[in-house]
Amino acid sequence: MTARQSRMEAYPRADRRLRLGFVGGGRGGQVGAWHAAGARLSNRWDIVAGALSADPATARASGRDWFLADDRIYDDYRTMAQHEAARPDGIDAVSICTPNHTHYDIARAFLEAGVNVICDKPLTTSLDEAKALMTLERDTGLVFGVTYAFAFHAMVRQARHMILAGRIGRVRQVHVEYFQEWSCLEEKPAGGELPWRQDPARVGRASAISDIGTHAFHLASYVTAEPIVELRADLHVCGPARGLEDTAFINIRLAGGAPGTLLVTQVAPGNYCALRLRVYGERGGIEWDQEKPEYLRVSSLGQPDEVIVRGKEGAMLPGVGKMSTLPSGHGEALSNAWANLYTEFAVAIEARAAKRSLPAGMLEFPTVQDGARGVNFIQAAVESHEKGGVWTPCWLT
Ligand SMILES: NC(=O)c1ccc[n+]([C@@H]2O[C@H](COP(=O)([O-])OP(=O)(O)OC[C@H]3O[C@@H](n4cnc5c(N)ncnc54)[C@H](O)[C@@H]3O)[C@@H](O)[C@H]2O)c1
């Protein structure tokens, strides 16, 4: 396989683009635009329906922005689930891009209507709800994906496959840090309500851990291909006092015994999306930086260090070249990661509809179970902190 093998060649051919609907994602929303960009870039999806905002007027205006047909712009997601499920050309999947506390009800409404679900993280705000979604997914047989999109950068998959191939030997330690600054700036308006990310009723039991800690947890486990079995957490408020933590220092232990750290903060001035991954093994190390996503620094003891560049002919491992579209030097970034993720969701949904099985290992997208593991992690981190930072089991099997 060459670095240039396109996504369209690498996966089974589809008969048509799939039809995608959105809940959230319209004017005023942040992450919906990233989902939509990835879906469009994947060439596997047409976006045809949406309840794009909690505010009906904004939902309608946003639907027109997205060139949706008038009869497929909805004021509320329940009507959308019923109408789309009844149409012969109804949506094949819904993408949920709304605040955390709404994910459960929305996902449930679409699963019960027979529609595949793509949900943003964290999956839910309680473990009971996450487990209920796992049960519904199993009982309906529908595809349920969760958007830990950073794992879909080409060089992250390369890192995982290098580790699986034994390039650095047995993993001895892993570190993921994710630093941002935005929470230094976001103040509670005088007399107004807290932003949802700092409001326990809408974000869940933790703020920074729910928002970015879940990404760090998923990435550490995905890249090392090992469960994270236990953790101990210290939560801090380092920025404006708002109740929930904005910073967390978490020690972890992998199933194979290796220790590691997850360090997350949203009050580090000068940091925007400073997500950094470092894995060290018996014979070498691999380092990746989300703000320079096209490069992987690989070191082998006793050898000169290497920097592997995305897309260079011969640089990508077999099975990883499909994650890269443009030649090296023509920058790929987060939109391409979302396109890779939306490609894998589409391939899974097409295969299910066609009752076709796929080669083992072809798809690596995060499932509802991975989403529930993220929720379990949040709960374990909060409980560890509340008990003074004790080691706490954190892997949901
Ligand atoms: N995967 C990632 O990298 C990533 C990045 C950012 C955010 N997120 C997650 O995405 C979700 C949304 O985050 P955001 O930053 O876009 O939030 P946001 O507040 O910017 O946007 C949320 C949108 O949801 C809409 N909404 C709320 N309730 C609704 C309802 N019942 N029906 C229709 N629309 C509704 C709002 O009107 C708004 O447009 C969160 O769960 C967050 O954790 C994930």
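Note that ligands are numbered from 1 as they come in the structure, with each ligand's atoms numbered from 1 the same way.
If you check the side chains of Glu287 and Tyr280, you find a donor sitting under 3.5 Å from an acceptor. In the model, Gln266 has no side-chain atom that pairs as donor or acceptor with a side-chain atom of Tyr178 under 3.5 Å. A side-chain donor-acceptor contact under 3.5 Å links Thr367 and Asp370. Judged by distance alone, the side chains of Ser183 and Arg242 do bring a donor and an acceptor atom under 3.5 Å apart. Side-chain contact annotation: Tyr74 with Glu84, donor-acceptor N/O pair under 3.5 Å present. Counting only N and O atoms by type, the side chains of Thr79 and Asp76 include a donor and acceptor under 3.5 Å apart. Judged by distance alone, the side chains of Tyr342 and Thr147 never bring a donor and an acceptor atom under 3.5 Å apart. Between the side chains of Glu332 and His330, not a single donor N or O lies within less than 3.5 Å of an accepting N or O. No side-chain N or O of Thr58 forms a donor-acceptor pair with one of Arg27 less than 3.5 Å apart.
For atom 4 (C) of ligand 1, the closest non-hydrogen atom of the protein is Val31 CG2, 3.6 Å. With respect to atom 23 (C) of ligand 1, the closest heavy atom belonging to the protein is Cys97 O, 3.7 Å. For atom 32 (N) of ligand 1, the closest non-hydrogen atom of the protein is Val23 CG1, 3.7 Å. Nearest to atom 7 (C) of ligand 1 among the protein's heavy atoms is Arg197 NH2, 3.3 Å. Ranking the protein heavy atoms by distance from atom 19 (O) of ligand 1 puts Trp196 NE1, 2.8 Å first. Given atom 11 (C) of ligand 1, the protein heavy atom at minimum distance is Thr98 O, 3.2 Å. For atom 20 (O) of ligand 1, the closest non-hydrogen atom of the protein is Gln30 N, 2.9 Å. Remark: minimum distance from atom 27 (C) of ligand 1 to any protein heavy atom is reached at Pro99 CD, 3.5 Å.
Of all the heavy atoms of Met80, none lies under 4.0 Å from any atom of ligand 1, so neither backbone nor side chain is involved. With a 4.0 Å heavy-atom cut-off, ligand 1 is reached by the backbone of Ala54 and by its side chain too. At a 4.0 Å heavy-atom cut-off, ligand 1 does not touch Tyr148 at all. With a heavy-atom cut-off of 4.0 Å, Trp338 touches ligand 1 through its side chain alone. Contacts of Asp120 with ligand 1, taken as heavy-atom pairs under 4.0 Å, involve the side chain alone.
Judged purely by atom type and a 3.5 angstrom limit, Asn376 uses its side chain to pair as donor or acceptor with the backbone of Cys394.
Checked against a 3.5 angstrom limit, the closest N/O atoms of Thr147 and ligand 1 fall inside it. Taking distance alone, with nitrogen or oxygen atoms compared against 3.5 Å, Asp55 stays at or beyond that limit from ligand 1. Ligand 1 has an N or O atom lying under 3.5 Å from an N or O atom of His103, backbone or side chain.
Residue His215 approaches ligand 1 through these ligand atoms, each under 4.0 Å from one of its heavy atoms: 1 (N), 2 (C), 3 (O). Of all atoms in ligand 1, listed by their number and element, those nearer than 4.0 Å to a heavy atom of Asn100 are 40 (C), 41 (O), 42 (C), 43 (O). In the vicinity of Gly28, heavy-atom distances shorter than 4.0 Å reach the ligand 1 atoms 20 (O). Within the listing of ligand 1, atoms 20 (O), 21 (O), 39 (O) sit less than 4.0 angstrom from a heavy atom of Gly29. Proximity to Ala51 (heavy-atom distance under 4.0 Å) selects the following atoms of ligand 1: 33 (C), 34 (N).
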Open item on the list: Run Arg44 and Tyr11 through side chain to side chain contact (heavy atoms under 4.5 Å, CB included) and show every step you take.
Closed with: CA-CA 11 Å; Arg44 292 272 183 170; Tyr11 294 103; 3.4 Å; yes
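Of all the listed residues (Arg202, His218, Lys121), Lys121 holds the heavy atom that lies closest to atom 42 (C) of ligand 1.
Ala206 approaches Leu244 most closely through the heavy-atom pair C-CD1, 4.3 Å.
Taking the six-membered ring wherever Trp is involved, the centroid distance between the rings of His153 and Trp288 falls below 6.0 Å.
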